[in-house]
Amino acid sequence: MPEWGPLQGETVIFTGTPKSLEVFDLVRQYGGIPYSMPLIQVNEIVDTIDENELKRCAGFDWLIFTSQSAVKAFHSKMERFNITIQQIPCQIAAVGTQTAAALEKIGFSVEFIPSIFSADVFVKQFKPTDDRELRVLFLKGNLAGSIIREELPFQVEEWTIYETGARLDSVNTMIELLKTEANTTVLFASPSAVHVFEEGAVPVVGWKGYTVGAIGHVTEKALLEAGAVVDVKPEIYTLKELVNALARRKEEIQ
């Protein structure tokens, strides 16, 4: 750990599980102490889509993925029924570079990523040049919003392929840290994590006494609606940039 950094002595809690250790190393480079405390657990829904249903994917023009969890659940179904990439000749859209990377890792080619990684920006920027009436399949979780279905001017079918639930063990651990550590930051990467924290932790620790960061404007909106003051939000919606933004803010106020 460096002798000094803008996050020196700061406890930095990620409310999810970063896919790479890079962000933990970045926190340490700035002098902070990183923790991963996922507030939600993701489980594939296994009994809603059978082999014949999965093969229907070939009839869609586009598949839309808004999270790495959706990619993981979809790939699990492909493996279960021995469906190959070649059997799903659809174009692929991903909301976010990490989601795109997860898709490319299993062999898909991603044709579209919005400039800002959120569903509301996606529906504004997703404008395929094909004049045909497109058939679009949105692979989603049980808590996904209705923006993609309601606001895209295409025939959109939704498949709910994973579900999220609260991790009460993480909630309790976070409560103890927030009660005992003087300098703490909580970084939220999804509205779902905000809702779990609001229900499980806020009645005990409130929203004051620690720094709050949001990965993007959708998560920021959820935090504001829950009564929080959002101290940090990056211009580019990634955990790495969120940590960099946090470091800049701490440096400015020291």
Original post:
Of all heavy-atom pairs between Gly107 and Ile85, which one has the smallest distance, and what is that distance?
Top reply: O-CG2, 3.9 Å
**OP:** Would you check if the distance from the ring center of Trp62 to the ring center of Phe112 is below 6.0 Å?
**Re:** no
Subject >> N/O donor-acceptor pair under 3.5 Å between Asp61 side chain and Gln91 backbone >> reply: no
Subject >> Evaluation steps, side-chain contact (heavy atoms from CB on, under 4.5 Å), between Thr184 and Leu177 >> reply: CA-CA 8 Å; Thr184 305; Leu177 271 177; 5.6 Å; no
**OP:** Salt-bridge test for Glu157 and Arg135: reply yes if a basic N is under 4.0 Å from a carboxylate O, no otherwise.
**Re:** yes
Original post:
Measuring from Lys124:NZ to Glu151:CD, what's the distance to the nearest 0.5 Å?
Top reply: 8.0 Å
Original post:
To the nearest 0.5 Å, how far apart are NZ in Lys240 and CD in Glu22?
Top reply: 4.5 Å
Subject >> Non-hydrogen side-chain atoms of Pro34 and Arg28 separated by less than 4.5 Å >> reply: yes
Original post:
Can you hop from Met37 to Trp207 via hydrophobic side chains spaced under 4.5 Å?
Top reply: yes
Subject >> The single option from Thr211, Val186, Thr185 passing side-chain contact (heavy atoms from CB on, under 4.5 Å) against Asp231 >> reply: Thr211
**OP:** Answer with yes or no whether the hydrophobic clustering places Ile106 together with Ile88; edges join I, L, V, M, F, W, Y residues whose side-chain heavy atoms lie under 4.5 Å apart.
**Re:** yes
Subject >> Rounded distance (nearest 0.5 Å) linking atom CG of Asn183 with atom NZ of Lys250 >> reply: 6.5 Å
Subject >> Heavy-atom side-chain contact between Tyr237 and Thr219 under 4.5 Å >> reply: no
Original post:
Got Glu44 and Lys77 here, is their nearest side-chain heavy-atom distance under 4.5 Å?
Top reply: yes
Original post:
Got Leu187 and Ile215 here, is their nearest side-chain heavy-atom distance under 4.5 Å?
Top reply: no
Original post:
Going from OG on Ser146 to CZ on Phe138, what distance comes out if it is rounded to the nearest 0.5 angstrom?
Top reply: 10.0 Å
Original post:
Can you name the nearest heavy-atom pair linking Val218 to Ser118, along with the distance?
Top reply: CG2-CB, 3.6 Å
Subject >> Heavy-atom pair of closest approach, residues Gly200 and Ile175 >> reply: O-CD1, 3.6 Å
Original post:
Would Val42 end up clustered with Val46 when hydrophobic side chains under 4.5 Å apart are linked, directly or stepwise?
Top reply: no
Subject >> CD on Glu51 to CZ on Arg56, rounded to 0.5 Å >> reply: 14.0 Å
Subject >> Donor-acceptor contact present, side-chain Glu220 to main-chain Val230, <3.5 Å >> reply: no
**OP:** Indicate whether any N or O donor in one side chain lies under 3.5 Å from an N or O acceptor in the other, for Tyr162 and Ser67.
**Re:** yes
Original post:
Rounded to the nearest 0.5 Å, how far apart are OG1 of Thr160 and CD1 of Ile49?
Top reply: 8.0 Å
**OP:** Run the salt-bridge test on Arg249 and Glu252 with the 4.0 Å N-O cut-off and return the result as yes or no.
**Re:** no
Original post:
CD of Glu235: more than 12 outside heavy atoms within 6.0 angstrom?
Top reply: no
**OP:** Please work out whether the ring planes of Phe60 and Trp159 are parallel, tilted or perpendicular, with thresholds of 30° and 60°.
**Re:** perpendicular
Original post:
When clusters are formed by joining ILVMFWY residues with side-chain heavy atoms under 4.5 Å apart, either directly or through shared neighbours, do Val196 and Leu143 land in the same one?
Top reply: no
Original post:
Are Leu54 and Arg80 close enough, and set up right, to give a side-chain contact (heavy atoms from CB on, under 4.5 Å), and what steps lead you there?
Top reply: CA-CA 11 Å; Leu54 193 60; Arg80 183 177 305 116; over 6 Å; no
Subject >> Side chain proximity check, Val71 to Thr99, heavy atoms < 4.5 angstrom >> reply: yes
Original post:
Would Asn142 and Thr164 satisfy side-chain contact (heavy atoms from CB on, under 4.5 Å), going step by step from the backbone distance to the final call?
Top reply: CA-CA 7 Å; Asn142 62 313; Thr164 58; 3.6 Å; yes
Original post:
Linking I/L/V/M/F/W/Y whenever any side-chain heavy atoms sit under 4.5 Å apart, do Ile83 and Leu137 land together?
Top reply: yes
Original post:
Parallel, tilted or perpendicular for Phe74 and Phe65, by the 30°/60° rule?
Top reply: perpendicular
**OP:** Indicate yes or no: at least one non-hydrogen side-chain atom of Val232 is less than 4.5 angstrom from one of Leu242.
**Re:** yes
**OP:** Ignoring hydrogens and angles, state whether a donor on the side chain of Gln98 or Thr238 is under 3.5 Å from an acceptor on the partner side chain.
**Re:** no
Original post:
Do Glu176 side-chain atoms and Thr173 backbone N/O form a donor-acceptor pair below 3.5 Å?
Top reply: no
Original post:
Any side-chain heavy-atom pair from Arg149 and Lys140 closer than 4.5 angstrom?
Top reply: no
Subject >> Nearest heavy-atom neighbours spanning His195 and Ala222 >> reply: CE1-CB, 4.3 Å
Original post:
How are the rings of Phe126 and Phe122 set relative to one another: parallel (under 30°), tilted (30 to 60°) or perpendicular (over 60°)?
Top reply: parallel
Original post:
Mind checking whether Val202 and Phe197 have side chains closer than 4.5 Å, heavy atoms only?
Top reply: yes
Subject >> Nearest heavy atoms of Ile147 and Ala119, plus distance in Å >> reply: CG2-O, 4.0 Å
Original post:
For Ala193 and Thr15, which heavy atoms make the closest approach, and how far apart are they?
Top reply: CB-OG1, 3.7 Å
